[in-house]
Amino acid sequence: MSNNNYAHSIVRFDFQYAHRFMNYHEGEAQFLHGHSGYIEMEIGGEVDPRTGFAYPCKEAQKLIKEVADNFHHGTLLQEGDPLLEYLLKGYEEAGIRQGVPEIDAVRPKKLSHPLITSYPECRVSVTKKVTTCENFCEIFYELLKDKLDIKKITFRSSALNAATRCYK
């Protein structure tokens with residue numbers, strides 16, 4: 001028997017980021033490079049008879065933005081990447097390690113999770129796993145699963161690279 005009052009709200013969000021695949025020695029991905037990341041998230045729920053939403057999209061976008069803001073115009077490196085030390089040292093020498101006053105007012109909340117730690121003051125995040133599309137899906141799911149009834153996440157890093165993960 002199906003529940004005719006259950007639906008999925010679909011929320012989309014995009015951001016730009018730089019990363020590299022630390023242990024990938026067969027191609028360009030080993031070098032620091034940038035992407036326009038695009039996430040699409042399906043959130044399940046009972047359709048509210050008053051609003052008509054399974055989940056209010058603006059509320060979901062706000063939650064996704066809290067996570068994505070740590071990556072937007074930022075650099076993601078994998079734990080143990082030797083570039084991290086050089087990047088942070090370079091930021092310190094350039095006088096921007098402790099942030100930039102004009103953007104500090106909108107600095108994202110620090111992420112501290114077994115899969116990812118962010119350093120919002122210098123727009124750097126360190127991940128446990130390689131920042132593939134599959135692992136971006138996992139990161140967003142783990143950071144938001146207690147706030148949203150996530151059914152499916154699709155992450156795209158380019159027109160050619162994308163992954164989907166489905167959840168119960």
Side-chain angles (χ1 to χ4, degrees), residues 10-43 60-148 150 152-167:
I10 299 173
V11 180
R12 297 176 179 99
F13 197 83
D14 67 332
F15 56 94
Q16 288 68 47
Y17 66 98
H19 75 150
R20 78 182 201 106
F21 295 160
M22 178 174 67
N23 295 313
Y24 186 78
H25 304 292
E26 291 96 40
E28 296 173 343
Q30 67 185 310
F31 299 103
L32 196 57
H33 61 282
H35 288 284
S36 289
Y38 175 84
I39 187 166
E40 181 175 286
M41 190 177 296
E42 291 186 24
I43 303 158
Q61 282 179 326
K62 189 186 296 185
L63 293 169
I64 293 168
K65 184 179 185 319
E66 284 180 15
V67 173
D69 272 356
N70 278 279
F71 313 142
H72 186 57
H73 290 179
T75 304
L76 289 99
L77 295 173
Q78 190 176 348
E79 190 175 88
D81 193 322
L83 288 183
L84 179 62
E85 178 185 339
Y86 294 108
L87 181 63
L88 295 177
K89 184 178 179 190
Y91 281 169
E92 197 165 304
E93 289 174 2
I96 58 174
R97 172 70 195 271
Q98 297 308 317
V100 179
E102 53 270 17
I103 63 170
D104 283 349
V106 293
R107 183 184 290 175
K109 294 178 186 173
K110 180 176 176 62
L111 300 176
S112 185
H113 185 276
L115 286 178
I116 189 160
T117 301
S118 69
Y119 300 89
E121 71 280 4
C122 51
R123 310 297 291 178
V124 173
S125 296
V126 179
T127 62
K128 192 72 157 178
K129 298 179 178 184
V130 181
T131 49
T132 60
C133 294
E134 292 83 353
N135 289 337
F136 260 118
C137 290
E138 181 181 2
I139 288 168
F140 274 92
Y141 177 77
E142 287 298 321
L143 292 170
L144 294 170
K145 69 181 181 183
D146 295 333
K147 298 174 182 176
L148 299 168
I150 301 167
K152 180 179 172 183
I153 297 177
T154 299
F155 187 84
R156 184 188 78 215
S157 64
S158 71
L160 302 175
N161 297 317
T164 296
R165 286 190 179 221
C166 298
Y167 306 93

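Because the structure is predicted, anything quoted here is derived from the model rather than measured.
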Novice: For a 4.5 angstrom cut-off between non-hydrogen side-chain atoms, does Ile116 reach Leu76?
Specialist: yes

Novice: When you measure from the side chain of His33 to the backbone of His19, do you find a donor-acceptor pair of N or O atoms at a distance under 3.5 Å?
Specialist: yes

Novice: Restricting to pairs with a member in residues 80-89, which pass side chain to side chain donor-acceptor pair (under 3.5 Å), not counting sequence neighbours?
Specialist: Arg20-Asp81

Novice: Which distance, rounded to the nearest 0.5 Å, do you find between the CZ of Phe15 and the CD1 of Ile64?
Specialist: 10.0 Å

Novice: Under the side-chain contact (heavy atoms from CB on, under 4.5 Å) rule, collect the residues that match up with Thr164, sequence neighbours excluded.
Specialist: Lys152, Thr154, Cys166

Novice: Might you point out which heavy atoms bring Pro108 and Arg123 nearest each other, and give the distance in Å?
Specialist: CD-NH1, 3.2 Å

Novice: Glu134: which residues meet the side-chain contact (heavy atoms from CB on, under 4.5 Å) condition with it, sequence neighbours left out?
Specialist: Thr132, Ala163, Arg165

Novice: Of all the heavy-atom pairs spanning Leu87 and Leu77, show the shortest one and how long it is.
Specialist: CD2-CD1, 4.2 Å

Novice: Give the C-alpha distance, both sets of side-chain angles, the deciding distance and a yes or no for side chain to side chain contact (heavy atoms under 4.5 Å, CB included) between Asp14 and Ser36.
Specialist: CA-CA 7 Å; Asp14 67 332; Ser36 289; over 6 Å; no

Novice: Provide the full list of salt bridge (charged side-chain N to carboxylate O under 4.0 Å, His left out) pairs with a residue in residues 23-40, sequence neighbours left out, each pair given once.
Specialist: Arg12-Glu40

Novice: What residues form a side-chain contact (heavy atoms from CB on, under 4.5 Å) with Lys128, not counting sequence neighbours?
Specialist: Glu79, Leu115

Novice: Of the non-hydrogen atoms in Cys133 and Asn161, which two are nearest, and what is the gap between them?
Specialist: SG-O, 3.6 Å

Novice: Does Gln16 offer a backbone N or O that forms a donor-acceptor pair with the side chain of His72 under 3.5 Å?
Specialist: yes

Novice: How many angstroms lie between CD in Glu121 and CG in Leu88, if you round to the nearest 0.5 Å?
Specialist: 8.5 Å

Novice: Once rounded to the nearest 0.5 Å, what's the spacing between atom CD1 of Ile150 and atom CG of Leu143?
Specialist: 9.0 Å

Novice: About how many Å separate CD1 of Ile153 and CE of Met41, when rounded to the nearest 0.5 Å?
Specialist: 4.0 Å

Novice: Quick one: does any side-chain atom of Glu142 pair with a main-chain N or O of Ile139 as donor and acceptor, under 3.5 Å?
Specialist: no

Novice: Taking ring-ring contact (aromatic ring centres under 6.0 Å, His included) as the cut-off, I'd like each qualifying pair that reaches into residues 112-141, sequence neighbours left out, listed once.
Specialist: Tyr17-Phe136, Phe71-Phe136, Phe71-Phe140, Phe136-Phe155, Tyr141-Tyr167

Novice: What pair of heavy atoms forms the shortest contact from Met22 to His25, and how long is it?
Specialist: O-CE1, 3.7 Å

Novice: Of all heavy-atom pairs between Ser118 and Leu111, which one has the smallest distance, and what is that distance?
Specialist: OG-N, 2.7 Å

Novice: With no hydrogens and no angle check, is any side-chain donor or acceptor of Asn70 less than 3.5 Å from a backbone partner on Lys109?
Specialist: yes

Novice: Is the shortest heavy-atom distance from the side chain of Tyr91 to the side chain of Val124 under 4.5 Å?
Specialist: yes

Novice: Could you walk me through whether Thr75 and Leu83 pass side chain to side chain contact (heavy atoms under 4.5 Å, CB included), step by step?
Specialist: CA-CA 11 Å; Thr75 304; Leu83 288 183; over 6 Å; no

